[in-house]
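Counting starts at 1 for both ligands and their atoms, following the listed order.
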Amino acid sequence: MNKLVIDGGVPIRGELTVQGAKNAVLPILAATVIANDECIIHNCPALRDVEKTDIILERLGCTLKRESGTLTVDSSCVSGCRIDEKLMREMRSSIIFLGAILAACGRAEVGMPGGCPIGMRPIDLHLKALKKMGVDVSEEHGYLKCECAAIKGCDIHLDFPSVGATENIMLAAVKAQGTTVITNAAREPEIYDLACFLNMAGARIRGAGSSVIVIDGVERLHGVEYRIMPDRIVAQTYLIAAMMTGGEMHLKDAEAAHMRAALSALSEMGADIRIGKREVDIRSTGKINSIHILRTMPYPGFPTDIQSPFMALAAIADGTSVFVENIFENRFRHVGELSRMGADIKVEGRSAVVRGVKQLCGANVEACELRGGAALVLAALAAEGRSTVSGTEYIDRGYEDIEGRLALCGARIRRVWV
Ligand code: UD1
């Protein structure tokens, strides 16, 4: 077990290159299974969730080779179509393998997925869509069993623009008979990245990034060399770190077009932001304004994944901010820990009222999910005195070497093993 020890109050200043996006690399790695060939993935971040995905790929019969940020996956010998319960429980996004394995093997058997404890996270939309595509789905002893003679293209309307369901349908549809049309599809940039990967591998997908995606089934895919898009949530986390500590940051490989909602909120809260070609600069003006109301929404709305880091920022703003969480029902678990550091936050159902305080104070706190953990690190960077953040296994799911990156920008942060 380890924890982060942070001595707060030091301005975060410097330059960082944004890591590859977790939420793009996971479905793309699942998609390599369908290629039945060698895929070379660049800008692949070293994350716990990627390590788990690597294990799943190996159990399915793929051969993997990693050289720093490049992962080569050879799926020409895929032999398995089963992912055991233990692996599935460790990572919610493992459900994406369902569509990929079905496309590759025509059947799949996977344990029910797990993930961060931020809500119920059902998979009814995934299963309803697969059934419509001709897949027989049954559940036995905690396992989902899926089988079909052939996956059939069809029209699928999603009741909610679920990211995972959209990706699963795309993966199942690439080699289906006929055309699949997804309406009310999720529009996240990571969906577009997955479509780009699949199209380079021979798929025929149009409209990804919009709410209507059309997939014409093809006979087969082939190997491809692909670079993962930058992680917009990690980029935003580092921008907030600079703003909360009165510092400044130059982010390289940052796609501002993917971060419009958060950049606009940061400007409203007083940051000086400059946008360049694949780069973003932020400079603190010494003032942090409260934000009137911040509502999480599907993309291009305000991302639920950056809600908790923004709450850490609002905790030291001048005035009162209101947060409304519309995506996950249990995504205020960081509030208790921020309060231990002196934040004044009241939660009522899906809303939180944050009254800014002059100064947070260092405390021993515990991360209990990925983004909430990042919020605690941010609060600790801005707090007076020493904090320890445990539960680093959650933070490591999505942030590559968080202490190394922040230390490069002047943070007094280190990891200690206990
Ligand atoms: C993905 C992201 C996660 C992000 C989330 C929302 C990955 C690996 N994870 O998660 O970081 O926070 O999108 O932007 O990309 N829902 C249902 N039934 C379903 C599927 C979803 O009711 O079958 C509900 C969920 O409970 C949740 C909402 O829809 O309330 C959004 O979920 P979804 O978009 O599917 O998120 P994930 O794909 O799990």
Side-chain angles (χ1 to χ4, degrees), residues 20-31 45 47-50 52-53 56 88 90-100 112-132 137 139 144 156-172 182 184-195 208 211 228-229 231-234 236-237 258-259 261-262 295-310 324-334 350 369-375 394-395 397-399:
K22 169 178 93 67
N23 288 355
V25 76
L26 300 180
I28 287 174
L29 287 177
L47 301 171
R48 268 189 83 220
D49 276 10
V50 172
K52 304 278 179 222
T53 306
I56 294 177
M88 288 293 291
E90 289 186 41
M91 191 176 62
R92 156 85 187 180
S93 52
S94 46
I95 192 64
I96 298 304
F97 274 95
L98 193 54
M112 292 299 280
C116 280
I118 55 177
M120 297 210 312
R121 310 191 84 172
I123 52 167
D124 54 317
L125 299 173
H126 303 237
L127 300 185
K128 197 169 137 191
L130 291 176
K131 284 178 190 163
K132 203 164 178 212
V137 181
E139 205 187 317
L144 277 171
I156 296 166
H157 179 80
L158 289 175
D159 295 335
F160 182 88
S162 154
V163 173
T166 303
E167 292 169 343
N168 238 335
I169 300 165
M170 283 165 66
L171 292 168
I182 314 172
N184 198 27
R187 291 182 282 166
E188 270 69 1
E190 293 77 13
I191 305 251
Y192 179 75
D193 214 39
L194 173 62
S211 54
I228 302 293
M229 62 175 271
D231 195 308
R232 61 197 166 102
I233 306 298
V234 169
Q236 291 159 40
T237 306
H258 296 164
M259 306 193 270
R295 290 188 184 85
T296 63
M297 303 288 270
Y299 189 85
F302 192 90
T304 174
D305 284 351
I306 203 70
Q307 174 258 107
S308 48
F310 262 86
V324 183
E325 173 56 55
N326 290 310
I327 308 294
F328 292 109
E329 65 275 19
N330 197 10
R331 217 165 194 186
F332 287 141
R333 291 169 57 109
H334 48 280
R350 283 179 174 243
E369 51 100 0
L370 163 58
R371 306 299 171 187
Y394 289 109
I395 300 170
R397 293 180 68 159
Y399 292 85

### Message
Out of all atoms in ligand 1, which are within 4.0 Å of some heavy atom of Ile123? Include the element for each.
### Response
19 (C), 23 (O)

### Side chain, backbone, both or neither: the part of Asp124 lying under 4.0 Å from ligand 1 by heavy atom
both

### Task
State plainly whether the residues Arg331 and Asp305 are in salt-bridge range, i.e. N to O under 4.0 Å.
yes

### Message
So if I count the atoms of ligand 1 from 1 in the order they appear, which ones are less than 4.0 Å from some heavy atom of Ser93?
### Response
8 (C)

### Task
For Gly164, counting its heavy atoms only, list the atoms of ligand 1 lying under 4.0 Å from any of them.
35 (O), 38 (O)

### Query
Do other residues, nucleotides or ligands put more than 12 heavy atoms under 6.0 Å from Arg350 CZ?
yes

#### Entry: Phe160: numbered ligand 1 atoms lying under 4.0 Å from its heavy atoms
28 (C), 29 (O), 31 (C)

### Query
Is there a heavy atom of Ala165 sitting under 4.0 angstrom from any atom of ligand 1?
no

### Query
Just wondering, more than 12 heavy atoms not from Tyr192 lying within 6.0 Å of its OH?
no

### Task
Pull out every atom of ligand 1 sitting under 4.0 Å from any heavy atom of Asp305, numbered as shown with elements.
3 (C), 4 (C), 11 (O), 12 (O)

### Query
So is there a nitrogen or oxygen of Phe328 less than 3.5 Å from a nitrogen or oxygen in ligand 1?
no

#### Entry: Distance-only donor-acceptor check, side chains Tyr399 and Arg48, under 3.5 Å
no

## Note on the structure
Of all heavy-atom pairs linking Pro300 and Ala261, the shortest is O-CB, 4.0 Å

#### Entry: Heavy atom of Glu190, distance to ligand 1 below 4.0 Å
no

### Query
Are any of the N/O atoms in Leu125 less than 3.5 Å from those in ligand 1?
yes

### Query
If you measure from each non-hydrogen atom of Ser162 to ligand 1, which part falls under 4.0 Å: side chain, backbone, both or neither?
both

### Message
Considering both backbone and side-chain atoms of Ile327, is one of its nitrogen or oxygen atoms within less than 3.5 Å of a nitrogen or oxygen in ligand 1?
### Response
yes

### Query
Relative to atom 16 (N) of ligand 1, which among Pro122, Gly398, Ala21 owns the nearest non-hydrogen atom?
Pro122

### Query
At under 4.0 Å between heavy atoms, which part of Arg397 makes contact with ligand 1: side chain, backbone, both or neither?
neither

### Summary
In terms of heavy-atom contacts, Ser93 and Leu26 come closest through OG-CD1, 3.2 Å

### Message
One residue to check: Thr304. Relative to ligand 1, which of side chain, backbone, both or neither has a non-hydrogen atom less than 4.0 Å away?
### Response
side chain

### Task
Identify, by atom number and element, the atoms of ligand 1 in contact range of Arg331, meaning under 4.0 Å from any of its heavy atoms.
12 (O)

## Note on the structure
Contact region, Glu167 to ligand 1, non-hydrogen atoms below 4.0 Å, reads neither

